[in-house]
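Structure record follows, encoded as structure tokens.
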Number of protein chains: 2
Amino acid sequence: MPDGSQKKPSRIQKRNRRVILDAALEVFSRHGYRGSTLDQIATEAGLSKPNILYYFDGKEAIHVELLAKLMSEWLAPLEEMDPDGDPQKELLGYITKKMEMSRAYPRQSRLFANEIIQGAPRMQPHLQSGLKPLFDAKCDLIRAWMDAGKLARMDPAHLILSIWAITQHYADFEAQLQVLLPDPQTAWDGAESHVAFMFRKLLTP
Amino acid sequence: MPDGSQKKPSRIQKRNRRVILDAALEVFSRHGYRGSTLDQIATEAGLSKPNILYYFDGKEAIHVELLAKLMSEWLAPLEEMDPDGDPQKELLGYITKKMEMSRAYPRQSRLFANEIIQGAPRMQPHLQSGLKPLFDAKCDLIRAWMDAGKLARMDPAHLILSIWAITQHYADFEAQLQVLLPDPQTAWDGAESHVAFMFRKLLTP
DNA sequence: TCGTGGATTTACCAAATGGTAAAAATTTTA
DNA sequence: TAAAATTTTTACCATTTGGTAAATCCACGA
């Protein structure tokens with residue numbers, strides 16, 4: 001009997017929870033929390049609404065679980081930035097990785113954007129406890145690199161925000177991109193090389 | 001009898017339509033189209049729901065009117081970029097203007113973001129007819145400036161997209177910003193000077 | 001000041017929404 | 001294979017939602 005069950009999940013449970021979360025990601029990432037309905041999620045998942053509520057405590061529980069998963073997955077590349085590596089290489093590697101993630105997982109990106117635009121009502125604690133310390137640490141690291149003359153001097157916080165802004169934008173504003181640059185393949189390739197060029201020039205002392 | 005009335009609007013009509021649009025902007029910009037309700041808008045406006053439907057044909061009509069207004073207001077600064085001016089000055093002026101707008105009118109920015117993230121269901125025609133031609137024209141202008149050696153060479157389309165990405169980000173992700181950079185005043189000042197620095201360095205040949 | 005048309009409220013609807021209880025079906029286990 | 005446990009469906013329910021009809025209120029010009 002799932003919901004908030006402690007026992008190890010059965011085969012069916014694992015499959016259906018995955019199917020539901022995937023459907024919910026699709027729906028929530030498009031319409032935000034309030035704009036999404038359990039019926040939409042149920043249809044997308046190919047299950048009945050009560051069946052979905054058999055696996056999750058409710059609409060909010062699904063959303064919370066998606067956000068928790070999101071945080072850990074999207075913070076990883078930032079964590080991996082190595083203090084002992086070459087500063088330019090580390091930062092550009094991080095930027096490239098983020099662009100690839102935006103390209104590969106635009107739904108996660110939109111889910112996050114929706115939550116933040118809404119005022120982060122269900123995520124603020126996660127931001128405080130998860131994102132903030134890591135952000136501060138990486139700001140310190142970047143500042144140290146700048147002090148060592150390895151990077152052009154600038155505000156590390158706003159540097160990181162710029163990176164997030166641009167990578168996030170290419171995922172979230174896909175609909176606009178498709179109007180302005182009709183060929184998706186060319187657009188993404190152009191985006192990746194432009195972003196690499198841009199930050200290389202910016203970071204070079 | 002308003003709704004789609006042709007007659008010149010009375011004093012009361014003008015005031016109430018303005019009040020309703022302002023309330024709707026507040027609500028739509030937070031929750032997106034589907035996540036917003038007429039009751040929320042009515043409460044925010046200090047009017048009854050039927051009274052709101054006395055002034056507008058329905059929920060969608062309000063949203064459409066907001067989007068139309070948005071387009072003309074936010075495209076203006078791009079239009080004003082002068083082909084005969086100094087390229088660096090024109091572009092940096094545009095960037096500064098966009099940052100100021102993000103700071104002053106974050107609700108419009110979020111309204112737009114919500115619509116695009118959702119797939120631009122009500123705005124795609126506007127993008128095609130309004131944004132696309134202007135975007136292409138300005139790409140040509142920037143390319144000409146680059147050909148003349150006045151700006152560093154890069155893909156003009158992605159340059160413009162970078163500008164939009166960053167200015168948009170500071171407006172839409174305010175909730176995240178407040179966690180990472182607790183003092184709003186310092187954050188915004190830092191943002192504006194960082195963005196100016198960043199693009200000056202990028203654009204200098 | 002009084003009538004008239006514009007503005008507002010009251011009282012509703014039908015459909016959609018998040019959620020529940022219990023029966024039915026199916027899978028697992030003994 | 002039969003009992004036990006899990007999974008799914010059926011049938012609901014209360015609330016919310018976008019919207020309407022008609023009654024009422026009120027501002028303003030004759």
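A, B, ... follow the sequence lines: proteins, then strands. Residue 1 opens every chain.
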Whole-Å gap separating [atom2] ([N]) and [atom1] ([X]):
X: Arg17(A); N: dT6(D); atom1: CZ; atom2: P; result: 15 Å
X: Leu47(A); N: dT7(D); atom1: CG; atom2: C1'; result: 11 Å
X: Asn16(B); N: dC26(D); atom1: CG; atom2: C1'; result: 14 Å
X: Leu38(B); N: dG19(D); atom1: CG; atom2: P; result: 6 Å
X: Arg15(B); N: dA7(C); atom1: CZ; atom2: P; result: 10 Å
X: Phe56(A); N: dG19(C); atom1: CZ; atom2: P; result: 13 Å
X: Asp39(B); N: dA15(C); atom1: CG; atom2: P; result: 19 Å
X: Asp57(B); N: dG19(D); atom1: CG; atom2: P; result: 10 Å

*asked:* Under a plain distance cut-off of 3.5 Å, with no hydrogens placed, do Arg107(A) and Ser29(A) share a side-chain donor-acceptor pair?
replied: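 The criterion, which ignores hydrogens and geometry beyond distance, is not satisfied for Arg107(A) and Ser29(A).
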
Self-check item: Side-chain donor-acceptor contact under 3.5 Å, Arg30(A) with Gln40(A)
Solution: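 Looking only at side-chain atoms, Gln40(A) and Arg30(A) do not form any donor-acceptor pair under 3.5 Å.
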
Residue [X], side-chain heavy atoms: nucleotide from [options] that is nearest:
X: Arg34(B); options: dT17(D), dT17(C), dA11(D); result: dT17(C)
X: Gln13(B); options: dG6(C), dT10(D), dG18(C); result: dG6(C)
X: Tyr54(B); options: dT8(C), dT10(D), dT17(D); result: dT8(C)
X: Lys59(B); options: dT9(D), dT8(C), dG19(D); result: dG19(D)
X: Tyr55(A); options: dT17(D), dG6(C), dT8(D); result: dT8(D)
X: Lys49(B); options: dT8(C), dG19(D), dG18(C); result: dG19(D)
X: Leu53(A); options: dT17(C), dG19(D), dT20(C); result: dT20(C)
X: Pro50(A); options: dT8(D), dT10(D), dG18(C); result: dT10(D)

Q) Would you say the side chain of Leu131(B) lies within less than 4.5 Å of the side chain of Gln176(A), judging by non-hydrogen atoms? A)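 Yes, their side chains come closer than 4.5 Å.
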
Salt-bridge contact Asp82(B)-Lys89(B) (side-chain N to carboxylate O under 4.0 Å):
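No, no charged N to carboxylate O under 4.0 Å.
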
*asked:* Any salt bridge linking Lys132(A) with Asp136(A)? Criterion: basic side-chain nitrogen under 4.0 Å from a carboxylate oxygen.
replied: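 Asp136(A) and Lys132(A): salt-bridged.
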
Do any side-chain nitrogens or oxygens of Asn51(B) fall under 4.0 Å of OP1 or OP2 in dT10(C)?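 For Asn51(B), the contact criterion (side-chain N or O under 4.0 Å from OP1 or OP2 of dT10(C)) is not met.
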
side-chain N/O Ser48(B) vs dT9(C) OP1/OP2, d < 4.0 Å: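 Ser48(B) to dT9(C) OP1/OP2: side-chain N or O found under 4.0 Å.
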
